[in-house]
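Inspection log for the structure reproduced underneath, given as structure tokens.
No experiment lies behind these values; they were computed from the predicted model shown. Chain A is the first sequence line, chain B the second, and so forth, proteins listed ahead of strands; every chain is numbered from 1.
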Amino acid sequence: MRIATWNVNSLTVRLPHLTQWLQSAQPDLLGLQEIKLTDDKFPHEPLQQLGYHCIAHGQKTYNGVAILSKLAEAPQDIQTRLPGMAEDPQSRLLAATYGEVRLINVYIPNGAEVGSDKFNYKLQWLSAFTAYIKEALRTYPKLVVIGDFNIAPDDRDVHDPKAWEGSVLVSPQERVYFSQLLELGLTDSFRLFEQPVESYSWWDYRAAAFVRNHGLRIDHILISPALTEKCQSCTIDIAPRKLERPSDHTPVIVDIHE
DNA sequence: ATGGCTGCTTTGAGCAGA
């Protein structure tokens, strides 16, 4: 089974890239973030034509998440609300069960700047999310947590750790939450395998960041113990970032032996 | 270097992203 995550930064703009990528990568499950459209505008038809059944939790202008599936099993126990953040108007979570696999797709807040209101919202969100994942690990042996975490877990995941030190996406306050997810039993599937140095999943649109490989690894696929032993590979596909008018993020993919 | 791009918005300057 192939599972992937991709922050598309507007599904409307990126639909041609998405359909092209689906045909080449052929994921069974794909979590999208920042679709930036409401559910009534979701492009079900072109994705259905490629064999994908989609569920979405959208929002106008900002945020929005979706899951695409070409598995036989219909999604069960669909969840869009993060317990503890029930009043949150921002669409950042979509979870569903496909057969034995529980998939949680997230767009974790950016945080703007350490110490800002948005940063505090991010920490509050991460706190509620950690409790939610703890419970999910108890409930679902085969758990996959994917998405744009907006956290670079380690200095290896940062092109210039000195320049980024202490700033949003790499601050200790944020990284401790990522560590907690690992302490709960999840594994960062990317680090199960030997990887090229300077592997990133996001590059700023500005200052030719991509061609200079000035990036961060902030998109992740975390898996529960029952899946760790079955995980065969985890890769970042930078090909879509090279296209005309790309998303600033690129897909991350895992292959899990059935 | 606090900009630098890009996407969105009752369309045009300002917000948000990371």
Side-chain angles (χ1 to χ4, degrees), chain A residues 5-18 21 31-43 56-66 88-93 105-126 129 146-178 190 198-220 236 238 240-252:
Chain A
T5 178
W6 192 7
N7 179 328
V8 290
N9 185 18
S10 172
L11 180 52
T12 306
V13 174
R14 229 62 68 195
L15 187 61
H17 289 188
L18 175 62
W21 189 77
L32 300 178
Q33 304 88 37
E34 284 205 85
I35 62 174
K36 296 185 175 179
L37 46 75
T38 48
D39 293 351
D40 57 306
K41 297 195 167 62
F42 193 92
H57 177 44
Q59 183 186 330
K60 186 179 165 71
T61 312
Y62 301 118
N63 312 311
V65 283
D88 188 3
Q90 303 189 23
S91 300
R92 297 184 173 279
L93 181 113
N105 179 33
V106 283
Y107 176 44
I108 291 178
N110 167 277
E113 200 175 320
V114 172
S116 65
D117 287 350
K118 285 178 183 172
F119 188 74
N120 292 331
Y121 166 70
K122 181 177 192 174
L123 296 185
Q124 186 187 357
W125 210 95
L126 282 165
F129 185 63
I146 66 175
D148 176 357
F149 285 64
N150 270 317
I151 301 173
D154 196 274
D155 280 354
R156 284 179 296 176
D157 306 313
V158 182
H159 73 90
D160 186 346
K162 278 204 169 150
W164 279 85
E165 191 176 2
S167 67
V168 73
L169 313 185
V170 309
S171 76
Q173 300 99 299
E174 295 159 77
R175 281 179 168 172
V176 72
Y177 279 106
F178 192 89
F190 190 73
E198 299 174 349
S199 288
Y200 309 121
S201 66
W202 169 87
W203 300 261
D204 200 306
Y205 282 124
R206 299 167 295 181
F210 180 65
V211 295
R212 297 152 76 184
N213 199 25
H214 288 183
L216 302 175
R217 190 176 70 94
I218 54 177
D219 302 272
H220 306 296
I236 296 174
I238 65 166
R241 191 63 176 77
K242 298 175 178 172
L243 299 173
E244 286 283 321
R245 216 179 169 190
S247 170
D248 43 358
H249 296 252
T250 205
V252 183

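- Taking the P atom of each, dC15(B) and dA1(B) are spaced 25 Å apart, rounded to whole Å.
- Within 4.0 Å of Phe210(A), counting heavy atoms only, lies no atom of the nucleic acid at all.
- Partner Tyr107(A) forms a side-chain hydrogen bond (donor to acceptor under 3.5 Å, both in side chains) with one of Arg92(A), Glu34(A), Gln33(A), His57(A) and no other, that one being Glu34(A).
- In this structure, Ser167(A) does not reach the dA18(B) phosphate: none of its side-chain N or O atoms is under 4.0 Å from OP1 or OP2.
- In this structure, Tyr107(A) reaches the dA18(B) phosphate: one of its side-chain N or O atoms is under 4.0 Å from OP1 or OP2.
- Phosphate contact (OP1/OP2 of dC8(B), side-chain N/O of Lys60(A), threshold under 4.0 Å): absent.
- Look at OH on Tyr200(A): it is 18 Å from P on dA18(B), rounded to the nearest Å.
- In the set dG7(B), dA18(B), dT9(B), the nucleotide with an atom closest to the side chain of Val13(A) is dG7(B).
- For Ser10(A) and Ala208(A), each mapped to the nucleotide of DNA chain B holding its nearest heavy atom, the one lying further toward the 5' end belongs to Ala208(A).
- Leu169(A) places its CG atom 13 Å from the C1' atom of dA16(B), with the value rounded to the nearest Å.
- Here the separation of dG14(B) from dA18(B), taken at their P atoms, is 22 Å to the nearest Å.
- Side-chain N/O atoms of Asn110(A) include one lying less than 4.0 angstrom from OP1 or OP2 on dA18(B).
- Within 4.0 Å (heavy atoms only), Asn7(A) reaches sugar-phosphate atoms of the nucleic acid but no base atom.
- Rounded to a whole angstrom, the distance from the C1' atom of dT6(B) to that of dG12(B) is 16 Å.
- Regarding Asp117(A), its CG atom lies at a distance of 15 Å from the C1' atom of dA16(B), rounded to whole Å.
- A sub-4.0 Å separation between OP1 or OP2 of dA18(B) and a side-chain N or O of Asn150(A) is present.
- Here the nucleotide nearest the side chain of Arg245(A), chosen from dG4(B), dA18(B), dG7(B), is dG7(B).
- Here Asn63(A) lies out of heavy-atom contact (under 4.0 Å) with every strand.
- Between Tyr205(A) atom OH and dG7(B) atom P there is a gap of 5 Å when expressed in whole angstrom units.
- Aromatic ring orientation, His214(A) versus His159(A): parallel (interplanar angle below 30°, classes split at 30° and 60°).
- Atom CG of residue Leu123(A) and atom CD of residue Gln173(A) lie 6.5 Å apart, to the nearest 0.5 angstrom.
- Close to dA16(B), at under 4.0 Å from its OP1 or OP2, lies no side-chain N or O of Lys36(A).
- Going from the P atom of dT2(B) to that of dT11(B) covers 31 Å, rounded to whole Å.
- Considering Glu174(A), Glu113(A), Lys118(A) as possible partners of Val168(A), the one that fulfils the side chain to side chain contact (heavy atoms under 4.5 Å, CB included) test is Glu174(A).
- Using a cutoff of 4.0 Å between basic side-chain nitrogens and carboxylate oxygens, Arg212(A) and Asp160(A) are not scored as salt-bridged.
- Tested against Lys36(A) for a side-chain hydrogen bond (donor to acceptor under 3.5 Å, both in side chains), the candidates Asn63(A), Thr61(A), Asn9(A) yield a single pass: Asn9(A).
- Counting all heavy atoms, side chain and backbone alike, Asn7(A) lies closest to Asp219(A) at CB-OD1, 4.2 Å.
- Going from atom NZ of Lys122(A) over to atom C1' of dG17(B) covers 11 Å, rounded to whole Å.
- Here the P atom of nucleotide dG4(B) and the CZ atom of Arg212(A) are 15 Å apart, to the nearest Å.
- Distances shorter than 4.0 Å separate none of the side-chain N or O atoms of Arg14(A) from OP1 or OP2 on dT6(B).
- A sub-4.0 Å separation between OP1 or OP2 of dG17(B) and a side-chain N or O of Arg206(A) is absent.
- The distance from atom NZ of Lys118(A) to atom P of dG17(B) is 5 Å, rounded to the nearest whole Å.
- Atom name P, nucleotides dA16(B) and dT10(B): the rounded distance is 14 Å, in whole Å.
- Between His17(A) atom NE2 and dT6(B) atom C1' there is a gap of 13 Å when expressed in whole angstrom units.
- Proximity of His214(A) to the phosphate of dG4(B): no side-chain N or O atom is located under 4.0 Å from OP1 or OP2.
- Closest contact between the side chain of Tyr62(A) and the listed nucleotides dT9(B), dA18(B), dC15(B) involves dC15(B).
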